[in-house]
Amino acid sequence: MARAKVFGVDARDLHGVRAADAVGDAVEAIRRGSRVVISDPGRPERVAHHHVDQARAWVLEGDRERALGELNAARDVSPSQVRGHPSVRETAWSLLRQPRVSAGAVEFARWVGLKPN
């Protein structure tokens with residue numbers, strides 16, 4: 001039972017962020033995401049996925065710097081999961097399609113295997 005208690009709140013809260021993100025409600029995803037406290041940092045994949053969800057929301061909000069910060073936070077926590085994650089690649093491409101692309105976005109895109117122009 002202790003396991004369900006430790007992970008239950010996290011799963012519910014993280015699902016709420018993902019649900020808002022999935023329907024394109026960046027403001028709600030960011031709002032919900034700011035309240036998430038992951039009680040088991042020993043689950044790096046869960047922490048990384050939360051950062052990926054927040055990165056997608058920040059891209060939708062137009063804050064590329066915060067989006068890149070979230071992607072880098074995800075990479076710091078679980079690089080092997082992040083490198084091959086489809087949402088990470090999609091978000092990195094979104095950063096590359098902006099009128100002005102930062103050197104950090106180019107570096108991150110190369111790290112995940114994308115070839116920026």
Side-chain angles (χ1 to χ4, degrees):
M1 284 307 226
R3 181 179 173 116
K5 184 175 181 184
V6 171
F7 296 115
V9 173
D10 291 346
R12 183 193 67 226
D13 292 346
L14 292 173
H15 180 71
V17 174
R18 288 185 194 130
D21 185 50
V23 297
D25 189 345
V27 172
E28 184 64 15
I30 291 165
R31 185 185 71 76
R32 289 179 183 182
S34 70
R35 297 185 319 213
V36 169
V37 176
I38 298 176
S39 61
D40 184 7
R43 298 277 311 268
E45 71 283 356
R46 183 171 278 190
V47 176
H49 203 288
H50 175 62
H51 286 298
V52 170
D53 290 341
Q54 290 294 276
R56 288 168 42 109
W58 283 115
V59 164
L60 289 173
E61 271 300 287
D63 193 330
R64 297 177 303 222
E65 188 173 316
R66 287 188 80 171
L68 182 58
E70 293 288 351
L71 288 173
N72 281 315
R75 173 171 55 177
D76 291 345
V77 172
S78 185
S80 61
Q81 177 194 8
V82 169
R83 180 173 256 155
H85 197 288
S87 292
V88 171
R89 295 175 66 84
E90 177 185 316
T91 304
W93 269 123
S94 294
L95 293 174
L96 293 176
R97 288 192 298 260
Q98 301 300 316
R100 291 182 320 210
V101 179
S102 72
V106 170
E107 182 276 325
F108 187 88
R110 285 187 178 134
W111 180 78
V112 297
L114 301 177
K115 297 185 182 192
N117 294 338

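When side chains are defined from C-beta on, L60 does not count as touching R56, because their heavy atoms never get closer than 4.5 Å. Using a 4.5 Å heavy-atom threshold, the side chains of S78 and V47 count as separate. Side-chain contact between Q81 and P44 is absent, with no heavy-atom pair separated by less than 4.5 Å. Counting only heavy atoms from C-beta outward, the side chains of L95 and F108 never approach each other to under 4.5 Å. Considering only heavy atoms from C-beta on, H51 stays 4.5 Å or farther from L71 through its side chain.
Dense packing is recorded around CD of Q98, with more than 12 heavy atoms of other residues, nucleotides or ligands lying under 6.0 Å away.
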Kindly determine whether H85 and H49 satisfy side-chain contact (heavy atoms from CB on, under 4.5 Å), including the steps that lead there.
-> CA-CA 9 Å; H85 197 288; H49 203 288; 3.5 Å; yes
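Between the side chain of E70 and the main chain of R66, no donor-acceptor pair closer than 3.5 Å is present. Using modelled atom types, one side-chain atom of R89 and one backbone atom of V112 make a donor-acceptor pair closer than 3.5 Å.
W58 does not carry R64 over the face of its six-membered ring by the limits of under 6.0 Å from the centre and within 45° of the normal.
When all heavy atoms of L96 and A105 are compared, the pair lying nearest together is CD2-O, 4.1 Å. The two residues V82 and A74 make their nearest non-hydrogen contact at CG2-O, 3.3 Å.
Under the 4.5 Å side-chain contact rule for hydrophobic residues, V52 and V77 do not share a cluster.
Rounding to the nearest 0.5 Å places CH2 of W111 at 5.5 Å from CZ of R75. In this structure, CD on Q54 lies 11.5 Å from OG1 on T91, to the nearest 0.5 angstrom.
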